[in-house]
Undergrad: 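Here it is: the structure, laid out below.
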Amino acid sequence: LCALAGALGILFAEAQSFGVTVSGQPMPALAAKSGRARILVIGGLDGSAESVAAARTEAARRGVAALVYRFSDPDRQLFPPPGEAYAGPGGEAHYLWRRLLQRAPDRVYIVNASAAADRLAAALEGKIPATIVPASGLRKALGSVGTLAASPWRQEIDRRLARSPEVVARQLAVHYGHDLDD
């Protein structure tokens with residue numbers, strides 16, 4: 001994938017995966033060019049190869065991050081995902097949810113409407129602005145993105161990272177270290 005991107009004149013910071021399926025199949029992700037706004041494009045949440053291809057192509061063209069995995073059973077994906085993390089049929093949703101919360105993008109574009117896309121956009125409400133766009137409209141949607149304000153979730157992550165070690169220790173001490181059973 002990196003060789004193909006390089007051949008197209010597109011330089012990504014890295015090609016990676018954001019998780020693995022129960023069968024061990026990697027779930028591909030493309031990293032954004034450094035210095036870009038934190039935009040994340042998600043393709044495949046509708047279960048179609050079309051949305052994966054559109055996300056991959058437009059993310060590469062714009063130099064933004066993308067999660068490009070074709071979910072085999074998107075209607076079963078719930079957000080935030082319930083149950084044991086990464087196990088069973090909902091494991092893919094756990095990987096996607098974790099990636100979103102770790103990366104704290106300022107805007108998420110979900111390619112093609114689906115029940116899973118609706119659930120993800122609703123779960124992100126108030127944290128990260130999410131827009132569901134048809135594959136045919138993704139280029140226009142990404143082209144109209146100007147300067148983005150930090151999402152509420154990114155602001156929260158930045159606030160947490162700015163804490164001093166003393167503050168973190170005091171916050172942890174409220175819940176931990178009181179009962180030291182063997």
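Everything numeric in this text was worked out from a predicted model, so none of it was measured.
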Undergrad: Just do the side-chain contact (heavy atoms from CB on, under 4.5 Å) check on Ile42 and Leu100 with the steps written out, would you?
TA: CA-CA 10 Å; Ile42 300 172; Leu100 283 168; 4.3 Å; yes
Undergrad: In Å, rounded to the nearest 0.5 Å, how long is the span from CD of Gln77 to OG of Ser72?
TA: 7.5 Å
Undergrad: Could you tell me the separation between the CG atom of Leu40 and the CD1 atom of Ile128, rounded to the nearest 0.5 Å?
TA: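 CD1 of Ile128 is found 8.5 Å from CG of Leu40.
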Undergrad: Heavy-atom distance under 4.5 Å between the side chains of Thr131 and Val108, does that happen here?
TA: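 Contact flag for Thr131/Val108 side chains = no.
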Undergrad: Is there a path of hydrophobic side-chain contacts, each under 4.5 Å between heavy atoms of I/L/V/M/F/W/Y residues, joining Val168 to Tyr176?
TA: yes
Undergrad: Report yes or no: does Ser51 contribute a side-chain atom to a donor-acceptor pair with the main-chain N or O of Gly44 at less than 3.5 Å?
TA: yes
Undergrad: Decide side-chain contact (heavy atoms from CB on, under 4.5 Å) for Glu92 and Tyr95; before the verdict, give the C-alpha distance in whole Å, the side-chain angles of both, and the deciding distance to 0.1 Å.
TA: CA-CA 5 Å; Glu92 295 166 343; Tyr95 282 113; 5.6 Å; no
Undergrad: For the residue pair His94 and Gly83, what are the closest heavy atoms and their distance?
TA: CE1-O, 3.6 Å
Undergrad: Check whether any side-chain heavy atom of Asp46 lies under 4.5 Å from a side-chain heavy atom of Val111, and answer yes or no.
TA: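 No, side chains not in contact.
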Undergrad: Can you check whether Leu124 reaches Trp97 side chain to side chain, under 4.5 Å on heavy atoms?
TA: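 In short, these two side chains touch, coming nearer than 4.5 Å.
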Undergrad: Taking all non-hydrogen atoms of both residues into account, name the closest pair between Ala123 and Phe79 and its distance.
TA: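 Shortest heavy-atom contact: CB-O, 3.5 Å.
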Undergrad: What is the minimum heavy-atom distance between Ile110 and Ala117, and which atoms define it?
TA: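 Closest pair (atom of Ile110, atom of Ala117, distance): CG2-CB, 3.6 Å.
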Undergrad: Under 3.5 Å, side chain of Glu58 to main-chain N/O of Leu138, donor-acceptor pair present?
TA: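 Looks like no, no N/O pair under 3.5 Å.
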Undergrad: Quick check: does any side chain N or O of Trp153 sit under 3.5 Å from a backbone N or O of Leu101, one acting as donor and the other as acceptor?
TA: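 Flag set: sc Trp153 to bb Leu101 pair under 3.5 Å.
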Undergrad: Any non-hydrogen side-chain atom of Ser151 less than 4.5 Å from a side-chain atom of Pro105?
TA: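 Answer no - side chains too far apart.
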Undergrad: Does a sphere of radius 6.0 Å around CZ in Arg163 hold more than 12 heavy atoms from other residues, nucleotides or ligands, not counting ones at 6.0 Å or beyond?
TA: yes
Undergrad: Looking at Arg38, Gln155, Arg154, which one forms a side chain to side chain donor-acceptor pair (under 3.5 Å) with Asp106?
TA: Arg154
Undergrad: So for atom NE2, which belongs to His175, do other residues, nucleotides or ligands contribute more than 12 heavy atoms lying within a distance under 6.0 Å?
TA: no
Undergrad: Identify the heavy atoms of Pro152 and Gly126 that sit nearest to each other, and give their distance.
TA: CB-O, 3.4 Å
Undergrad: Looking only at non-hydrogen atoms, find the nearest pair between Ala59 and Ala65 and report the distance.
TA: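 Looking at all heavy atoms of both residues, the shortest contact is CB-O, 4.3 Å.
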Undergrad: Does Glu125 CD have over 12 foreign heavy atoms under 6.0 Å away?
TA: no
Undergrad: Look up atom CG in Leu45 and atom CG in Leu67, then write down how far apart they are to the nearest 0.5 Å.
TA: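 Answer rounded to 0.5 Å: 10.0 Å.
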Undergrad: Look up atom CZ in Arg62 and atom OH in Tyr109, then write down how far apart they are to the nearest 0.5 Å.
TA: 10.5 Å
Undergrad: Indicate if Ile157 and Leu96 have the same hydrophobic cluster label, given that clusters are the connected sets of ILVMFWY residues with side-chain heavy-atom separations under 4.5 angstrom.
TA: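 Per the 4.5 Å side-chain linkage, Ile157 and Leu96 are co-clustered.
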Undergrad: In Å and rounded to the nearest 0.5 Å, what is the CZ to CG distance from Arg107 to Leu142?
TA: 10.5 Å
Undergrad: For residues Asn112 and Ser48, report the shortest heavy-atom separation together with the two atoms involved.
TA: ND2-OG, 3.8 Å
Undergrad: Could you give the distance from CG (Leu120) to OG (Ser114), rounded to the nearest 0.5 Å?
TA: 9.0 Å
